[in-house]
There are 2 protein chains.
Amino acid sequence: MNLLSEIQDIPRYVQIRERLREQISKHVLKPGQKLPSENELAKHYHVSRMTVRRAIACLVDEGLLYRQHGTGTFVAQLRIERDYTRLLSSYEQILRMGLEPGMQILSLEVRPATSKVAQYLALQEGDSVIRFERLRLADGQPVSILCSYVPQKLCPQLLREDLASCQSLFQLLESYGFRLKRAVQKTEIRWADQVQARLLEVKEQAPLIYAERVTFADDGTPVDYVEGWSRADVFSFTVVLSR
Amino acid sequence: MNLLSEIQDIPRYVQIRERLREQISKHVLKPGQKLPSENELAKHYHVSRMTVRRAIACLVDEGLLYRQHGTGTFVAQLRIERDYTRLLSSYEQILRMGLEPGMQILSLEVRPATSKVAQYLALQEGDSVIRFERLRLADGQPVSILCSYVPQKLCPQLLREDLASCQSLFQLLESYGFRLKRAVQKTEIRWADQVQARLLEVKEQAPLIYAERVTFADDGTPVDYVEGWSRADVFSFTVVLSR
DNA sequence: GACGCATACATGTATAGACATCTCTATTAT
DNA sequence: ATAATAGAGATGTCTATACATGTATGCGTC
């Protein structure tokens, strides 16, 4: 009889969800195995069936479990996935690759928004945006040129912050209380111009991975537009797609 | 007073969800606007509050709505196209670009799985897999070389099907009853070898977008492993990321 | 006018139960 | 032996209710 902790103020469905997740990750529940029925789980945890269903529903959404109507709930076969569609800052990306992130600021200024930037950030053309351009390093080697645009009205004092000591624009934005939720990113191949080639230490016309991304807070407000040019020999890009 | 259709056997929460979705897409509910409270919606549709919450929860997951505890539920600012993380076949991708898909079969055979393929498809090395290699065309121009591997035991009669007339492997697999659910795709840059350069009509050593993808059915069984080499001047790649 | 507090109302969590629908199995009838 | 049927047990939908918790508002006090 597993008792849920009554002391801490964590919802029961969250506690059950995390217990199930742990059992799956530790192979107590093996891939393909049938879970106890919802009624059995409800009895076991001393909660109602609806609470169990809620816990299970989360894990089904994540792809850890699947249901078969009339038959039962089962552990899915593979789980390497989840983290792949996680929205990461370039800082976090490099950390994940096991390298030491570094940064070199190229420029930092307030500018009127061009029409393209205004459109992405839902501003009027000419509204002030903070333009922050830097070279991202991994283990001391240049890997990406990044250029971010943030509406100035969202964080008027951003310039005064020490952007050099703060390793990630995301950290800064989140510390301002923006709950970054999702982003749309478009990736394609472009060829290095002279300046980019020099900064990234590649040949002119070498292929680069070009990505542009708009990041949205949870209320759908665009917070950030980033363009990035990255060395094609360093980056790969893994995502999870759903049909 | 909107009545839900009692005749059709569609769950009420689905009906309410789709009505709300329609009102959002038609701007009856405008971005930023507050929805009626859950209790009001429940009265309006003559259902319980839990049923309304379920409908709303779906749309929150999709990013169309967001909630503020104690305040209300609101329409999000932008409708980021959900379609960006949709798992599409190459056929569907080209259709979406507004081009006419074509295909030229390069080879079709049953082979023992290499260790790499076996690992991706959760097979034993040497198990039979169907290897299907083709050139994908868009408006008659070659754009991708694709090479799919499917465990033979999943569809023993695949070879007899007329793969030439069926424009998409996905269609075929779904017609066999596989509920394709999600895929993990890794994308990077590689350089064209002699054969690839000739087929894709680019120079040798030209950069190509290399993608490998494992597709899973809803029970987590891997159904399909694809490698693709695509012309970098044709493809871009848009995804939605969440934090 | 500024502050604090009570209140109304919003969403968040949880319950116990009812009935529907789907699947599989065991029993019964042919 | 085979086919039809009944039943058990699983998930799917839905209700009505209770209480917890967060937020804005308006009122009274200072």
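Note that this is a predicted model, so its numbers are computed, not measured. Lettering of chains follows the sequences in order, A, B, ..., and the numbering in each one begins at 1.
Between A:E22 and A:R19 there is no salt bridge, since no side-chain N of the basic residue sits under 4.0 Å from a carboxylate O of the acidic one.
Closest of all the heavy-atom pairs between A:Q124 and A:A113 is O-CB, 4.4 Å.
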Run the salt bridge (charged side-chain N to carboxylate O under 4.0 Å, His left out) check on A:E62 and A:R17 step by step: do they pass? CA-CA 11 Å; A:E62 293 183 33; A:R17 184 187 69 199; 5.3 Å; no

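Ranking D:dT11, C:dA10, C:dA14 by closeness to the B:K34 side chain, first place goes to C:dA10. The side chain of A:S48 sits closest to C:dT15 out of C:dT11, C:dT15, D:dG12.
Mapping A:M50 and A:Q68 onto DNA chain C via the closest heavy atom, the residue that lands nearer the 5' end is A:M50.
Within 3.5 Å, no donor on the side chain of A:R54 pairs with an acceptor on the base of C:dG12, nor the reverse. Put simply, the side chain of B:R67 and the base of D:dG22 share no donor and acceptor less than 3.5 Å apart.
With sequence neighbours left out, the ring pair (Phe, Tyr, Trp, His ring centres under 6.0 Å) criterion links B:Y225 to B:Y120, B:Y149.
A side-chain contact (heavy atoms from CB on, under 4.5 Å) with B:L20 is found for one member of B:V28, B:L59, B:V75, B:T73 and no other, namely B:L59.
Atom NZ of B:K43 has 12 or fewer heavy atoms from other residues, nucleotides or ligands within 6.0 Å.
Here D:dG12 presents its P atom at 18 Å from CZ of B:R12, a figure rounded to the nearest Å. Spacing between atom CZ of B:R49 and atom C1' of D:dT15 amounts to 13 Å, rounded to whole angstrom units. Atom-to-atom, CG of B:L65 to C1' of C:dT11 comes out at 14 Å; the value is rounded to the nearest Å. In this structure, CD1 of B:I56 is placed 12 Å from P of C:dA10, rounded to the nearest angstrom. Atoms CG (B:L41) and C1' (C:dT11) sit 13 Å apart, rounded to a whole Å.
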For nucleotides 21-23 of chain C, tabulate all protein N/O to nucleotide N/O atom pairs closer than 3.5 Å, reporting atom names and distance.
{"unit_1": "C:dT21", "atom_1": "O2", "unit_2": "A:H69", "atom_2": "NE2", "d": "2.9"}

